[in-house]
Amino acid sequence: MGVTDEGSAIAERLYSAFGQGDIDTVLSLLDESVVWELIGPNEIPYFGRYEGVDQVREFFDVLARWCIVEQFEVTRITPTRGGVLAEGVEVGRFSGREQPYEMRWCHVMRLANGRIVEFTDHLDSAPMLAAWRS
């Protein structure tokens, strides 16, 4: 698959749905066998690898219990061969903890047949870990 705007359109739909709290639409953009991974310390309860739509739904359930996202901004979406890269910033805090975090992230998505088959979240986890430990 070459570089196309398909990945950009899917990423925009994904982030729009996430911003509205519409997790069902987010999940509808995923392949049934999707691999969804957050790279970072497993001390934060929702970091790790999730396989399949059911596990990704569980990820969003755990995320909603622990993470209060106060700002989530996509700063750039770049189509790639077979997918898309998205970059942005997030400001938030964890339930029961006072210290906020602010960090940058980069999402790498691989697409097949109009669906996300791999989603990898590379993020600046140091500010998150400091807030988690506060």
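Note that these values count all heavy atoms, side chains included, but never hydrogens, waters or copies made by symmetry.
- Within the hydrophobic cluster formed by Ile, Leu, Val, Met, Phe, Trp and Tyr side chains joined at under 4.5 Å, directly or through other members, Leu85 is accompanied by Val108.
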Item to check | Residues Tyr50, Phe60; criterion side chain to side chain contact (heavy atoms under 4.5 Å, CB included); working and verdict | outcome: CA-CA 11 Å; Tyr50 302 85; Phe60 280 109; over 6 Å; no
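- Between the side chain of Ser16 and the backbone N or O of Arg13, no donor-acceptor pair lies under 3.5 Å.
- Once rounded to the nearest 0.5 Å, the distance linking CD of Glu32 with CG of Asp54 reads 7.5 Å.
- Partners of Glu98 according to the side chain to side chain donor-acceptor pair (under 3.5 Å) rule, which considers only residues two or more places apart in sequence or in another chain, do not exist here.
- Identified under the salt bridge (charged side-chain N to carboxylate O under 4.0 Å, His left out) test for residues 64-76, with sequence neighbours left out: Glu70-Arg93, Arg76-Glu87.
- Looking at Trp36 and Leu30, their side chains come closer than 4.5 Å, going by heavy atoms from C-beta outward.
- Scanning both residues, Pro79 and Asp5, for their nearest heavy atoms gives CG-OD1, 4.1 Å.
- Under the 4.5 Å side-chain criterion, counting only non-hydrogen atoms from C-beta, Val56 is in contact with Leu27.
- Taking the side chain to side chain donor-acceptor pair (under 3.5 Å) definition, one finds that Arg115 meets it with nothing, sequence neighbours left out.
- Connection of Leu123 to Val74 is established within a shared hydrophobic cluster, with ILVMFWY side chains joined at heavy-atom distances below 4.5 Å, either directly or through further cluster members.
- When the side chains of ILVMFWY residues are joined at heavy-atom separations under 4.5 Å, either directly or via intervening members, Leu14 and Ile23 end up in a single hydrophobic cluster.
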Item to check | CA sep, side-chain torsions, deciding dist, call: Val26, Arg57, side chain to side chain contact (heavy atoms under 4.5 Å, CB included) | outcome: CA-CA 9 Å; Val26 170; Arg57 182 182 300 279; over 6 Å; no
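- The closest side-chain heavy-atom distance from Leu111 to Ile116 is below 4.5 Å.
- Contact record, Cys67 with Glu90: SG-OE2, 4.0 Å, taken as the closest heavy-atom pair.
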Item to check | Pair Val84-Ile77, side chain to side chain contact (heavy atoms under 4.5 Å, CB included): steps then yes or no | outcome: CA-CA 7 Å; Val84 64; Ile77 295 175; 3.4 Å; yes
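- Across all non-hydrogen atoms, the minimal contact from Glu51 to Arg49 is OE2-NE, 2.8 Å.
- No more than 12 heavy atoms of other residues, nucleotides or ligands sit less than 6.0 Å from atom CH2 of Trp66.
- Contact annotation: the side chain of Tyr101 never approaches that of Ser125 to less than 4.5 Å [non-hydrogen atoms, C-beta and beyond].
- Between the CZ atom of Phe59 and the CG atom of Asp121 there is a distance of 7.0 Å, given to the nearest 0.5 Å.
- In this structure, the separation between CG on Leu63 and CD1 on Ile68 is 10.5 Å, given to the nearest 0.5 Å.
- Residues Val89 and Tyr15 do not share a hydrophobic cluster, clusters being chains of Ile/Leu/Val/Met/Phe/Trp/Tyr side chains in contact below 4.5 Å.
- Within the 4.5 Å cutoff, the side chain of Met128 has heavy atoms near those of the Phe94 side chain.
- No side-chain heavy atom of Ile10 sits under 4.5 Å from any side-chain heavy atom of Met109.
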Ignoring hydrogens and angles, write down the donor-acceptor pairs under 3.5 Å from the side chains of residues 37-44, residues two or more places apart or on other chains.
| from | atom 1 | to | atom 2 | distance (Å) |
| --- | --- | --- | --- | --- |
| Glu43 | OE1 | Arg133 | NE | 3.3 |
| Glu43 | OE1 | Arg133 | NH2 | 2.9 |
| Glu43 | OE2 | Arg133 | NE | 3.2 |

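- Listed by first and then second residue, the salt bridge (charged side-chain N to carboxylate O under 4.0 Å, His left out) pairs involving residues 99-110 are Arg110-Glu118 (not counting sequence neighbours).
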